[in-house]
Visitor: 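Before anything else, here's the structure in question.
Remember, predicted model here, so these are calculated numbers, not experimental data. Below, read A as the first sequence line, B as the second, and so on, with proteins coming before strands; counting in each chain starts at 1.
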Number of protein chains: 2
Amino acid sequence: MAKRRERAPRQADVARLAGVSQSAVSKVIAGGAEAARIPEATRRKVLEAVRELGYVANPSARSLRNKRNMLLGVHTFEPVFPHARESFFFEFLLGIEERAEELGYDLVLFTSTGASDGRRRVYRNGVNRLNLADGSVLLGAVTDKGDLARLAGEGYPFVHIGRREVPGAEFPCVVPDYRGVTGEIVDMLADQGHRHLAYLRATFGLEPYEDRRRGYAEAVARLGLQDRSPGARGESGLTTEWIEELISGPETAVVAESLPLADLLAAELRIRGLRIPRDLSVVVLEDLAPEVTTPWVALQIPRVQIGRTAIDVLVDVLEDPDGVAESTVVPCSVVPGATVAPAPR
Amino acid sequence: MAKRRERAPRQADVARLAGVSQSAVSKVIAGGAEAARIPEATRRKVLEAVRELGYVANPSARSLRNKRNMLLGVHTFEPVFPHARESFFFEFLLGIEERAEELGYDLVLFTSTGASDGRRRVYRNGVNRLNLADGSVLLGAVTDKGDLARLAGEGYPFVHIGRREVPGAEFPCVVPDYRGVTGEIVDMLADQGHRHLAYLRATFGLEPYEDRRRGYAEAVARLGLQDRSPGARGESGLTTEWIEELISGPETAVVAESLPLADLLAAELRIRGLRIPRDLSVVVLEDLAPEVTTPWVALQIPRVQIGRTAIDVLVDVLEDPDGVAESTVVPCSVVPGATVAPAPR
DNA sequence: TACGGTAGCTCATACGTAGTAGCACTGGGT
DNA sequence: ACCCAGTGCTACTACGTATGAGCTACCGTA
């Protein structure tokens, strides 16, 4: 920059040139109802002065005066960009950016909260940087529940992508409709003639799996199907005994909570000379990464849509801070594959 | 959010709780020289109150008062995320995020400047949104030179990724060292025994190509090589006559400015039964997308490093607004490939 | 005792904008 | 002559922060 930044013209300068007061300038510039009360001649004088001086509103002063910055924050508990391509979380940002742009908000990426241990926290030195934005979208696998509780306690407006239950703290989450899509998957299996199902349950107990389990149980009950598998009773993992039981039993379709479980099952079946889907139909209740080559029938999380919805929910919260903090559920779709076939007779 | 967001705490609130004045709080928070004059006991009281209230400085007020927000802007003339994976520009952001995080800055993604025509401009309704950030990194293929000129004219601190020359406006750019790496490439060809080179020149005249041409011409002169090709004389494109000339001439290596030119050349050679690199070595002076499968010897742009450097340069500008606005050159590397072989005897 | 010096604060103000209260003036009605 | 309503503005203030000027107590010195 060759020359130093000279002081930008302000409304007062415009006012002097136009021979009116600063507040008159403010009113003309604001447009709207107030400006209607100002006669055409004055308005023209002011606008002429604005043009002549090249006046631009100072956004800091503006947002100091109003309480809105038109800034939405994005806090990711892990760095976004560095692993963005591979990251599960990346696509959410597509939707977030899209929708924020449509609504005229800018985005603040909270990157400065990184600690030396590589973990990101909302609070650094006890200071909540997020306050800088009108509200924030939070996401990440290793969400710090203490941070969430404190944020909610302070009344800071935020939305979490993915379900998180924090006792004593209420805040809106935007979550994939695992329950609904699991029901659809069971419907589809029933349509194909499957009456006896088995459920493979993951060993870890993250919250979203509860939704799948509920959706599964409901659909099985609703359709009057049979499931006497250990997974449906609440036992996790996959043992040799279960597989033997499965093979000798009436089950024709398996619903697996996670990809590793499905892969394990596939391997065991292969050893025994059984084939998917000829001998057994298998569905995976996960969104599979593109590099997975097995053509599993699986579910697909509408990440972009979730990002967009998160922004909508956040803006709703900003506009009505007293509204209820409910979770918003976004429908998932089923990815067609080659691991499901009509039930053998 | 259960309770309505109470007014964000300000320094006055902290002051009341700590039993001091607002300015004392300001001084403690500012740290530095002023804070040194404040005894440990008071400082502790204040910081305690800050923690208890969860106070965080209001960036608008701060930047109204002085001009540092600890916010750096990123303005992309095209949306980043939507095409991020494929985008040439995406990796720059990795470096930008990394370096901003290291330096304790947050990033503002200026997404809201999108016009209805899909193009992004810095100015919307004549207002420079970027003012919100202390300074900005700009990038994009369709950089609007008018915007750049106006920004520079206003003295707004910014850095452009990629070389842009705007008459009458001086601002720092961070650019790949096309000139240097082109020289290296010619060195490498010379090492392999090539004495007679040809240069394929692209038809469009974007600025970065000038760097390559200069680097090429310098290296050829320095090493005493021969180049009597039309491209070296300034003629663009690739005609049948040139190819005939090339085949019958002494040239053993070709330097192509762009991938399409190299592809075209390869096709023409193939028709004539000639092979790369057996009959002719070929180098491409471009950073190739991952989906390009031909194993061209090409150059590689250190995008992450450029992003990091852009932040460093920007912060330098902020710290010394009167400093000179020079372009910073970041070294490129040569990607090994299978299109160069030692010169035939 | 008077007085300078300094540590440790407080006071007051400016930054640029938006909105509210209110003033000066006009014209019409009674 | 007086009031009232309306028009077209201006005066003033708050928003939250940083900072220079200034105030007060106290200590050391003469």
Visitor: Just one of B:I38, B:V14, B:V25, B:V28 clears the side chain to side chain contact (heavy atoms under 4.5 Å, CB included) bar with B:V20, so which one?
Guide: B:V25
Visitor: Within this structure, what is the CZ-to-P distance between A:R10 and C:dA14, rounded to whole angstrom?
Guide: 11 Å
Visitor: Check the distance between D:dG16's P and B:D13's CG and give it to me in whole angstrom.
Guide: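 Whole-Å distance recorded here is 8 Å.
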Visitor: Rounded to whole angstroms, how far apart are OH on A:Y55 and C1' on C:dG16?
Guide: 7 Å
Visitor: Between atom CG in A:N58 and atom C1' in C:dA18, what is the gap in whole Å?
Guide: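 In whole Å, C:dA18 C1' and A:N58 CG are 13 Å from each other.
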Visitor: Would you kindly check whether a donor in the side chain of A:Q22 faces an acceptor in the base of D:dA11, or vice versa, at under 3.5 angstrom?
Guide: no
Visitor: Examine C:dA18: is either OP1 or OP2 under 4.0 Å from a nitrogen or oxygen in the side chain of A:R65? Give yes or no.
Guide: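 Indeed not, no polar side-chain atom of A:R65 lies that close.
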Visitor: Could you pull out the closest heavy-atom pair between B:R163 and B:V175, with the gap in Å?
Guide: N-CG1, 3.1 Å
Visitor: Measure from CD on B:Q11 to P on D:dC15 and round the result to the nearest Å.
Guide: 14 Å
Visitor: Looking only at the side chain of B:A61 (C-beta and beyond, no hydrogens), which of the listed nucleotides C:dG19, D:dT17, C:dC9 gets closest?
Guide: D:dT17
Visitor: Among C:dT17, D:dT19, C:dA18, which nucleotide sits nearest the side chain of A:N66?
Guide: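 My answer, after comparing the listed nucleotides, is C:dA18.
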Visitor: Please report, rounded to the nearest Å, how far the P atom of D:dG6 is from the CD1 atom of A:I38.
Guide: 19 Å
Visitor: Looking at D:dT17, D:dC12, D:dC15, which one has an atom nearest to any side-chain atom of B:R62?
Guide: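 Shortest atom-to-atom distance from the side chain points to D:dT17.
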Visitor: For the side chain of A:P39, starting at C-beta, report the closest nucleotide among C:dG16, D:dG16, D:dG8.
Guide: D:dG8
Visitor: Is the closest basic N to carboxylate O distance between A:R99 and A:E102 below 4.0 Å?
Guide: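 Yes, A:R99 and A:E102 are salt-bridged.
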Visitor: Decide yes or no, distance alone: a donor-acceptor N/O pair under 3.5 angstrom between the base of C:dC9 and the side-chain of B:S23.
Guide: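 Donor-acceptor pair under 3.5 Å: no.
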Visitor: Under 4.0 Å, counting only non-hydrogen atoms across every strand here, what does A:V25 touch: a base, just sugar-phosphate, or nothing?
Guide: nothing
Visitor: Among A:V137, A:L138, A:V174, which one satisfies side chain to side chain contact (heavy atoms under 4.5 Å, CB included) with A:H160?
Guide: A:L138
Visitor: Whole-Å distance between C:dT13 P and B:L64 CG?
Guide: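 After rounding, the gap between these two atoms is 18 Å.
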Visitor: Using a 4.0 Å heavy-atom cut-off, does A:T42 contact any base of the nucleic acid, only the sugar-phosphate backbone, or nothing at all?
Guide: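 It contacts sugar-phosphate atoms only.
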Visitor: Look at the side chain of A:K27 and decide which nucleotide, out of D:dG16, C:dT17, D:dA11, has an atom nearest to it.
Guide: D:dA11
Visitor: Take atom CZ of A:R16 and atom C1' of C:dG16, then tell me their distance rounded to the nearest Å.
Guide: 13 Å
Visitor: So does B:D13 pair up with B:R16, basic N to acidic O under 4.0 Å?
Guide: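 Yes, charged N to carboxylate O under 4.0 Å.
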